[in-house]
Every structure is written in C-alpha cells, then in structure tokens.
Amino acid sequence: MTDAQWETLSNQGVAAAGVVYFLALLAYAVQWAALRDVPVKQLVGTDGAPVVEVPDVQVAHRTEMAGRLGLLLTGIGALAHFVALVGRGMAADPNRVPWGNMYEFTLAGTFVVVALFLATTNRWRLSWLGPIVVGFTLVVLLADVLWLYEPVAPLTEALESYWLVIHVVSAVIATGAFTLGAITSILYLLKARSTKETGYLARLPELAKLDRISYRMHAFGFPVWTFGVLISGPIWAHQAWSSYWNWDPKEVWAFITWVVYAAYLHARATAGWRGRNAAILALVGAATLWFNFIGINFFSTTSQHSYAEGAGEVSSLVVRVPGTVEAAEEVGVVVGPDHARA
Amino acid sequence: MTDPLSRPSDARQATSLPNDLNARELARWTWRQLTSMRTALVLLLLLALAAIPGSVFPQEDIDSLAVSQWRDNHPRLAPIWDRLDLFAVYGSPWFGAIYILLMISLVGCIIPRLFVYARALRAKPPRAPRHLSRLPESTSYTTDEDPDVVLARAASVVRDRRFRVEWTEGSDAVAAERGHLREAGNLVFHLAVIVVLVGVAIGSLFGYKGGVIMFNGEDYGFSNNLTQYDDFAPGSLFDPAVMEPFSFSITDFDVEWIPDGPRAGMARKFVAHLDYETEPGAETEEYDLRVNHPLSIGGTDVFLIGHGYAPVITVRDGEGNIAQSGPTVFLPTNAQTFESFGVVKAADAQPEQIGLEGSFYPTFSMGTDADGNLTMPGSAWGDALDPLVSLQVYTGDVGLDDGTSASVYVLDKTKATQLLKDDGQPFRMDLRPGDTVTLPDGLGSVTFEGLERWNKIQISRSPGKFIALGGVVAALLGLLASLFIRPRRLWVRARRQDDGSTLVEVARLDRSSGGDPETGRDELADIVAALRKDKS
Ligand code: HEM
C-alpha cells in the first residue's frame, strides 16, 4: 500500500469508528430506555451492583440483548479505531508512531480509553460505563476531526527517539486511565446527590463500588504516569535538550498533575478520604491533566512542547541569543522543530 | 479511626494545640503538626499550586529574553514581580520553603515508620480475635473432622499461599498474615523521593550547562574551558576544575531537506561529524553527532541543538585594507525557510568604522501575494540553492571601541549613522556569492565570498543524574509494591461443638487502602474450598 492509501485508510477508519460508536450508543440508549421507568430494587447483588429486577421477561430480554449489542459494537468500533491509528503510522515516511501531533495524540488517547474499558469491563463488571465511554469517545473524536486534523507528516528530528515512543505511550495510557477514573468520579458525585429511584444514576452500582473503581483506575494510571513523566520523559529530554528537567510549562503541568494525583492517593491511603472528597481531588487532577494537553498547547508561547503552531510553523530548540536583542528581532536557532510529548 | 488493627502510622493525625504549653510542648506539637498526614497533604497541594506561576510567567533561567520583554511590557508590575521572585519561581525562597518543609515532614514521617516496620517484621501474626464471625469477611462450616486435623491442614494450606503462619498445637486457631512488602514498598517510595531530590540538587549545585556556536572546520576547534563558551550557566557550587579537558572540531555537517509533502522544506537528518580528543595528546576519535544522540565524554555530554548559515563576508576599508573577513553567524528568524539575520562589524576600518546589518536568504525569492504582486523578499527554502545576503550599511561608532561587551549579534546604532542613497532611501546591497559591491563616498567595498555553516553545540555536565534516575526507578518499584500488594490477615478457628461436630470459622481482614471486597471474597472462598476439599 502506498502512503496515500494508508492515510485514506486511516481516515476511513476514523469515520467507521465514529459510525460504529454511534450505533453502539444507540444500542445502549435502547438498553437504558427500556429500564427508564423501572424502579431499582434496593437489593445489592454479589458484585455490588443493584440487582436489576425487571418484571417483564420480554423487557428483560430486550435490554440484555441491547446491552450486549452495545458492547459488541464498541469492540468493533475499537477495531476500526485501531486501524485508523495504524494507518496514521504507516502513512508517514518513514513509518512512525501515530502520535506526532495533537490530532494523533487525541486519536490514540481515546483509543486507550475504549481499550481499557473493554479490557476491564468483564472483570470489574463495568457494563454500566459503556454508554458514557462511547459517548465521550464519540464527542472527543468528533472534535478531534473537526478542529485538530492535520495531514500525515514525518516526525521532526527531535521526536525520532525510542524513548519518545515509550514516553508518549505511557503518557497516553495514563491519560486514558485517569480519564476513566475521572468519569467514574463524576458519576460518583452525581449519584451521591441524586435521590431518584429510576433512571441511569439509580442503576449505577452502589457508591462504594464507584469509589473503588475510580481508585483502581487511578492506582493503575499513577505508576504509569510516574514512569512516563518522571522517568522516560527526562531521559528523552536529556538526550534531546541536554538537561533532563527544564521546567518547561508542559513539564511543570505534568509535575502538577503528578503531585495532585499523589495527593489523591495519599489522602485515600492515610487521611482516609473516600468518596466525595477523593472524587473532587481526582477531578482536580483530571483538570490539570487536560489543561496540560489542551491549554498549554494553545496558550503557552514558551513551551518547547508546543503542538499547536500552524502547520510547519514550528519553532523549538530555540536558542535565545544572549545580549540585547530588540523584541522584534527575536531570533531562533533551530535544529528540529519538535512537537511531541503531549 | 476505630479499627483497632490499624497500623500506628495511621494514627499520625494532626492534633489540636494544647492549652497550657511550654517551649518543649510547643516544639513537640509543632513537630507533630509538621509530620502529620494532613500537613503532608496540604504541602503537596501547595507545591502543585506554587509550581503554577512558573508556567505562566517567563523564567529568567529558562528564557531571559522573554523575561526582558515581559518587563518592557509591564513596567509597573515588573518590580513587584521581582520582589516576589516570579521570574525565578523554582529557585525562589518560598518555593524552596515548601519543598524543604515537605522533606522535613517526609523524614519525620519515615523514620518512626521504619522502626514500626522493623518491629512488625519480627512480630508474629496477631492472635485470632474472639468473635471471628464479626469481621466483615468471614464464613464458617461444620465438619466431623477433629479440630486439630482441620487446623493442621489450614496451617499448610495458608502456608502454601505464602502466608506467614502462627499455630501452636493445642491452640484453637491458626493466625496468618501476608503482604508485609506493601509497607516496605511504601517506605522505599518515600525514601526514594528524598534520593531523587538529592540527585537533582547535586546536579543543579555542581553541574553546568553551556553553549557555543562553532563554524565547521579544523580551524574552529573548541576546547573545554570557560573562555571558549558563548554562554555558560554554572551551578552555585560549580568548580571549573571538574571540567574535562576534551576538545573537538566539526569536520563536516550534513542535513537533508524534505523535498515534498506536507512538511516540504523541513530539515532533518542533521549530522555534525566531529573529531574529538578526550584530553590533550590523546588519540583523535570520530563521532557523528545527531539530535537525540549526544556524545558522552566522561561525565560531560555534548549535544547538537542548532544550526545555521554563516556567510563569509570581507570588508575592505577606504584605504584598501581588509578590515574584517571570515564567516559571520547569521541567526535564523524563520525555522522553516532559514531566513536569517546578522551583523558584521568592521571596527578597524579607516577612515570610518563600518557596520553591516541585514538578512540572509538561503534560497532567495521575491514573495508574491494572492494577486501576483511582488511582496517582501524572502527565502523559499532552507537549503542554500540560491543564497543571497541583503545588507544595509552604518558608519560611525558601531560599538566596539567603548569597551562594553556588546552582543556580536546586534549592531548598536545609537552612535552610528545609516548610509543613505542620494534620494534619501537607505543604501542597500544584495550580494550573491562572489559579488563585490563598492561602497559610496570612498568607504571601501564588501565582498560575499561564500557560505559556511555553523552549529550550536550545548555542553552539559549534570552530576547526580544517575542518583536521580536510580531514585525514581526505586520510587516506581516501591510505588507498585505499595499500590498492588494487599496486606491481609487470616484466621481459622476450629472448635468441637456440643453435638460432636467441629465448627470451623474462617475470617479475613484486608488492610490495604484500595481494599477490594471482590478479590477478598474470592480468596476467602478459595481457602475454604481448599480446606474442605482436602478432607475427602
Ligand atoms: C514528597 C512528598 C510525598 C509524596 C509524593 C507522597 C506520595 C504518596 C503516595 C503516592 C502514596 C500512596 C501509595 C499507597 O497508596 O500506598 C503515599 C502513601 C503514604 N504516605 Fe506519602 N507522599 C509524600 C509525603 C509523605 C509524608 C510527608 C508523609 C508523612 C507525614 C507520608 C506518609 C505516607 C503514608 C503513611 C502512606 C501510606 C499509607 C498506606 O500504607 O496505605 N507521605 N504517599
């Protein structure tokens, strides 16, 4: 296949994933709509989820089928999503990892969210999370295609390092896990305030279980983030920029995220914060995480990690010249424009 | 915390200030506050908060140019910002205060826990509580086996599951415990945080980082001593004696320009070919210096971080003498097209000093706008396909005689006058390689001889980096143990009942923070199944 064909395949993959995710969302909608008015029995099953007592056998059957279909479609969507990612990497010359810019990072990040969900849904009985995960992914993918799309381009020199691959993979995986944790925390907070006996919130597992799922997502994400941000990132920075920590805005915010999540785990482990307070702290962490990805790229003028400059208008590894240079004559010396490290 | 089985470390909560206090009590109270969990939490969150300003405002040691621009744009705020150290957040006293407090708190927290842990390691699993059925995870069954048989089997079953077991014949219960490594992991993690900070501190105190712009060729070699650097940022305890006596020169530089596609014009595959000697008199070795592939000499690393063009310009003065010649560094102002800006100063020129200032275009082109009209000149391409320098001329004091260390990249025009044409427009010359232009008024001439390349080389030494790296790796391992090992206790009690059967009670207590009823239940069920299966 030629590079252009790979690129087309990738775009088709994204489109297909979008359509299939949408169908999955419809299936989930059918599932939950059928249960809309059925009150939840205050009976807790062995897995902590409320037992769904559906009086009508047919309705019960229909919801179960719809739920399974939703999961199946989510899986198919993830496959198309994966093809889209591979296509991006294969379309570049030389072939490369599919996260050279914000569009690709978002594509990869959302894939991780879905993949993590699929990987854990049976073990942790997360079927209730399906509609949210699919809806979230769909919205983010749409925004990604509309606003962040960039044609395939080769990686800039500074990005051609396997440490970068390791670094970004771990950042993407941790971002996916933290995002799932944040979603669960939001559900926790909503459910904690809701007194309704019917509907989606009422059918979520009990609060303690939501809390636990959220904790597990964070407990998984935190070491991965630690590895990505505090080990592989500095190693790569050392190779490319000659010092392993530069207090670059992107690094500062990755550090802030790390500290906030450390505080979250700490608060749970030692101060005994559970539930509400922990959920709020988790959301603060997620806010710093997403601000780093979106905010810093768009607002910071000083970040060496900036992705968001117009196509090709890349500046990095800018050597500021000592001495008095007039503002308008700000000069840069450039080796390799670099964008990665989302 | 009401759980009687919770560890002592969990009891370290902040307490309220005692009413009547003397100095000793105050000190103890302060220490308790400082090493309390809540303080640690607050300090962590404060550290996150305190890091924010440094990402918002430009930082002196990262981008001093941006700082001076910020100062110019905010003349009223700048002095206040200075007083608050907002241009040097990460070295400021208040940022330092937070992490030093955190460190003290950390040490104060770890040391007592080390002792607790050492004791816990030697301790036997605690005896079974009286009412096992009251524990949240418990179950029971009856059997006709002898209690001792059941207990003996229980001891071996849980021992096989790598529990530490305590059972003396005659007692009615087996006590077992497992997962001590969790606390060890937690201690390792916290200790490693300190190690990392020590490593980082060593690097920033004793290390240095400097840069030099070098022309290619044997004539422009570099040897590693202070005088050869263009910019140099030492740590506060840096000692020049540690600088390794290597030297190198760039023999050649290759770069590849992407000819088409969305990134057309982008440069890649930069290679600076080095000849280097690790010390004077040592054998010359070769190295291909590339981005992401620094050259390590001893504890020092040499990086390629930038490149550009250096037009070779010769200035002859009014008397026909060469007043200035050789390659001149032009700094790229556009990362894509390598349009560059530079200055040539001929301070020895007679009768008047001559200064040149202007742009270099590697592939000269007149831009066109949408309507096809010619616009500003520019460079179409980073590669030097059709190089051209476009210079304007200044005479008078071009700023080399007064002894101030003016930047070589800037022409100080305060005491110089621009050379004008008869119509009052600035005199401008556009030169291609080989061209010579004679200046008006008998000032002399300027020749564009040819093109050289320069490379920006960064050289840094960060001692302690492997300490820091070892620290984070240890922290990560400790963290994994701390997060995923579940410390738990298990008890099996077997008692003969009045009707002659044996009642076996099994209970489990999970002591991990992410306590997880599902796996707990599974483990309990497995153990009970193992106890009953063996019976047959
Ligand atoms: C640099 C500052 C610190 C960081 C980044 C940090 C980070 C963490 C993290 C991520 C955990 C969670 C691991 C787990 O769930 O087991 C944790 C647990 C813990 N931390 Fe810290 N911590 C810091 C300072 C402190 C201080 C100052 C204290 C003592 C006052 C402390 C005492 C503890 C204790 C007792 C636990 C564990 C509880 C358990 O075993 O469940 N930490 N810390």
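Convention: sequence-line order gives letters A, B, ...; per-chain numbering from 1.
- Looking at residues two or more places apart in sequence or on another chain, you find a side-chain hydrogen bond (donor to acceptor under 3.5 Å, both in side chains) between B:Tyr309 and B:Arg453.
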Checklist line | Verdict with reasoning, A:Tyr215 to B:Leu483, per side chain to side chain contact (heavy atoms under 4.5 Å, CB included) | finding: CA-CA 10 Å; A:Tyr215 170 78; B:Leu483 287 172; 3.7 Å; yes
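- Of the residues considered (A:Trp163, A:Trp245, A:Phe222), A:Phe222 shows the highest number of contacts with chain B, using heavy-atom pairs under 4.5 Å.
- Separating the CG atom in A:Leu265 from the OG atom in B:Ser482 is a distance of 8.5 Å, to the nearest 0.5 Å.
- By the 4.5 Å heavy-atom criterion applied to side chains, B:Lys465 and A:Tyr244 are counted as neighbours.
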Checklist line | Stepwise side chain to side chain contact (heavy atoms under 4.5 Å, CB included) check, A:Ile231 with B:Val473 | finding: CA-CA 7 Å; A:Ile231 297 182; B:Val473 171; 4.1 Å; yes
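- In this structure, A:Phe227 has no ring pair (Phe, Tyr, Trp, His ring centres under 6.0 Å) partners at least two apart in sequence or on a different chain.
- Chosen from B:Ala468, B:Ala51, B:Ala475, the residue pairing most often with chain A at heavy-atom distances under 4.5 Å is B:Ala51.
- Classified by interplanar angle (parallel below 30°, tilted 30° to 60°, perpendicular above 60°), the ring pair A:Trp247/B:Phe95 is perpendicular.
- Note that CZ of A:Phe220 and CG of B:Leu480 are 10.5 Å apart. Values are rounded to the nearest 0.5 Å.
- Residue contact with chain A, scored on non-hydrogen atoms closer than 4.5 Å, is absent for B:Ile459.
- Between A:His238 and B:Phe303 the shortest side-chain heavy-atom distance falls below 4.5 Å.
- To the nearest 0.5 Å, atoms CZ (B:Arg290) and CD (A:Gln239) are separated by 10.5 Å.
- Interface remark: B:Val200 contributes backbone and side-chain atoms alike to the contact with chain A (heavy atom separation under 4.5 Å).
- Taking the side chain as every heavy atom from C-beta outward, A:Leu230 and B:Val196 never approach each other to under 4.5 Å.
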